[in-house]
Amino acid sequence: DTTVHEAELEKMKKFFDDIKKDMKFKSAGPGKKLTEETSAKPEVVQSSSNAKQNRHAPSEGAQRAGAAALARIEHQQKPRVHTSQDAIRNQGETQNPGSKVPVRDPACLSVSGVYFTCPLTGATLTKSEREVHIKEAILMRFEEDAIEASVMMIYTFNKDREKVKAAVDIISKYVENICKNPTEEKYRKIKLSNKVFQEKVRSAEGSREFLQALGFISVMLPVEGQEEEEEFLVLPEQSPDALELMKERRDRLQRGEPVRAQLDRQPQAFRPSPNAQRFELPQEFYNLSAEELKREQQQRSDLVEKNAMLRTKAMREREEQRERRKYNYTLVRVRLPDGNLLQGTFYAWDRLPVVFGFVRESLVDGWQPFELVAPGGQKLQEDEEVALAECNLVPAALLTFAWDAAVQADIAAAGGKSPALLKPELLETIRTLS
């Protein structure tokens, strides 16, 4: 019992702290070195009493025995309670000789990592490669379509959505004024030192590139009341057709979206296996670092079990929500009627329709209705916009697939065959689950 263990440990520590305190009064002798070593440890502050102060110092043998016993107690490993999520994290972990940091064997992982696909180039990327690769891909598109590339820059390079909106609104106003007053030069000149331009437009990366793609050119012009010239962006007078084209480009700017790498679901088929419920996940699946995960596992103890009966339902739900927020991704396996398994990677906040869509795209006859059943027998609803984390399907889950019974009965009555399952391209790369 860990509660009794901790109580006994506290008593023993208190007893030996008294011994160490008494040892401080010894100024010489064979026990001196031992006294210095043990007194270097932080001591529990004790309330003073005459009885303790007047007590005779223990013998050298008692000191050595006491120090050895204390060392054994302090290094004794406390029992801890393992949760199901601990089991998932600890699967496949090995220990380095002389080290307490868990190391996960890559050969044991259920999936090698989390990968993404660049929508512009089709390249497969790791999480750390995404941002740099997408920026390079956008810059390379200037040769093909400067308007498209600059719109991508504005929406992708600037993380502050409010800043993007402000820049887009002001640029749109520039275009609107020019189209309404095409012959008035003042609307076709933008002074770069203008406060509004500095704060709202220039601060948004890609905005100058968009204006230049519209036809604005950089010109140094004199300013009334100043000796030195200043830089302006100036648009030559536009023809009616060019003005219509400007409006169309403004609309493209207003409809812009950030370029985001798409999660590679890494669809993989496996043969029937008794290890279907065994998941060994890489570090990328967690919001916590390896050290944080290790520290969290060490801190879990009998406290959770001891307090379980005292928690209300609301408290348990809040704790479950906090637990789910620890995961970025989830690995989903679907057991098919023939025993084969279909596996894919999802965001923890992906909705149920995304999983149904993934399964449907992997089937030969995906047009037919089917059901997915979660662990515990819960039927998942395809039209229910619920996140996987909210369904407790993180950080991994095994679902059971079943064709709609009524539809299959109608097909059988009409003399039809049972529908095929996985597409040939998935069966070509089917693997055995280790």
Side-chain angles (χ1 to χ4, degrees), residues 84-85 87-93 104-115 117 124 263-282 284-286 327-348 350-382 386-389 391-405 407-408 417-434:
S84 59
Q85 288 170 339
I88 290 175
R89 290 175 186 158
N90 292 333
Q91 287 170 3
E93 288 183 351
R104 199 178 292 276
D105 182 359
C108 295
L109 294 175
S110 299
V111 63
S112 61
V114 178
Y115 299 95
T117 303
T124 299
L263 180 64
D264 184 353
R265 305 215 179 274
Q266 303 178 73
Q268 178 63 54
F270 292 99
R271 298 180 182 89
S273 170
N275 296 319
Q277 296 186 57
R278 182 178 175 84
F279 296 93
E280 293 132 358
L281 305 175
E284 295 98 312
F285 272 68
Y286 304 100
Y327 308 109
N328 292 319
Y329 310 98
T330 184
L331 191 66
V332 175
R333 285 183 188 147
V334 179
R335 195 198 303 273
L336 301 168
D338 61 1
N340 284 340
L341 301 165
L342 173 66
Q343 176 177 285
T345 302
F346 298 84
Y347 288 111
D350 272 339
R351 308 283 175 170
L352 287 177
V354 176
V355 178
F356 275 85
F358 168 76
V359 175
R360 199 174 295 284
E361 290 172 4
S362 303
L363 300 174
V364 174
D365 294 321
W367 59 271
Q368 295 195 32
F370 61 85
E371 297 176 345
L372 293 178
V373 181
Q378 174 195 2
K379 282 189 178 181
L380 304 178
Q381 303 299 320
E382 183 171 4
V386 181
L388 301 182
C391 298
N392 292 318
L393 300 179
V394 294
L398 174 64
L399 307 180
T400 302
F401 175 101
W403 292 112
D404 184 277
V407 173
Q408 293 307 304
K417 296 181 179 180
S418 297
L421 291 169
L422 293 177
K423 289 181 176 178
E425 53 265 35
L426 284 169
L427 294 174
E428 287 174 4
T429 58
I430 195 168
R431 292 162 49 189
T432 300
L433 199 61
S434 61

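Just so you know, residue 1 is the first one in the sequence shown, and it goes up from there. Computation of the quantities below employed the complete heavy-atom set of this structure, encompassing side-chain atoms and omitting hydrogens, waters and symmetry-equivalent molecules.
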Side-chain donor-acceptor pairs of residues 329-336 under 3.5 Å, sequence neighbours excluded:
| from | atom 1 | to | atom 2 | distance (Å) |
| --- | --- | --- | --- | --- |
| T330 | OG1 | L393 | O | 2.5 |
| T330 | OG1 | P395 | O | 3.2 |
| T330 | OG1 | A396 | N | 3.4 |
| R333 | NE | Q343 | OE1 | 2.7 |
| R333 | NH1 | A276 | O | 2.9 |
| R333 | NH1 | R278 | O | 2.8 |
| R333 | NH2 | S110 | OG | 3.3 |
| R333 | NH2 | Q343 | OE1 | 3.3 |

Can you tell me how far the OG1 atom of T400 sits from the CG atom of L372, to the nearest 0.5 Å?
9.0 Å

Strictly distance-based, threshold 3.5 Å: is any side-chain N or O of N328 a donor or acceptor partner for the main-chain N or O of Y286?
yes

F401 pairs by side-chain contact (heavy atoms from CB on, under 4.5 Å) with which of V373, L341, L363?
L363

Value rounded to 0.5 Å, distance of CG in N340 from OG in S273:
11.0 Å

Can F285 and T345 be said to form a side-chain contact (heavy atoms from CB on, under 4.5 Å), step by step?
CA-CA 10 Å; F285 272 68; T345 302; 4.0 Å; yes

Quick one: pull up CG in L380 and SG in C391 and give me the separation to the nearest 0.5 Å.
6.0 Å

Heavy atoms only: give me the nearest G113-P282 pair and the separation to one decimal.
CA-CG, 3.9 Å

Which value, rounded to the nearest 0.5 Å, describes the distance between D264 atom CG and T117 atom OG1?
4.5 Å

State the CZ-CD distance between R360 and Q368, to the nearest 0.5 angstrom.
10.0 Å

Donor-acceptor contacts, no H, no angles, side chain residues 419-433, under 3.5 Å, sequence neighbours left out:
| from | atom 1 | to | atom 2 | distance (Å) |
| --- | --- | --- | --- | --- |
| K423 | NZ | E361 | O | 2.7 |
| T429 | OG1 | L426 | O | 3.3 |
| T432 | OG1 | R271 | NH1 | 2.9 |

Short question: side chain of D404, backbone of V407 - any donor-acceptor pair under 3.5 Å?
yes

Using 0.5 Å steps for rounding, measure from the CD atom of Q381 to the CZ atom of F356.
7.0 Å

When you compare the side chain of L263 with that of V114, does any pair of heavy atoms fall below 4.5 Å?
yes

If you look at every heavy atom in A374 and L399, which pair is closest and at what distance?
CA-CD2, 3.7 Å

The ring-ring contact (aromatic ring centres under 6.0 Å, His included) partners of F358 (sequence neighbours excluded) come to F346

Does the pair N392 and Q378 meet the rule for a side-chain contact (heavy atoms from CB on, under 4.5 Å), with working shown?
CA-CA 11 Å; N392 292 318; Q378 174 195 2; over 6 Å; no

Can you confirm whether E284 sits close enough to V111 that some side-chain heavy atom of one is under 4.5 Å from a side-chain heavy atom of the other?
no

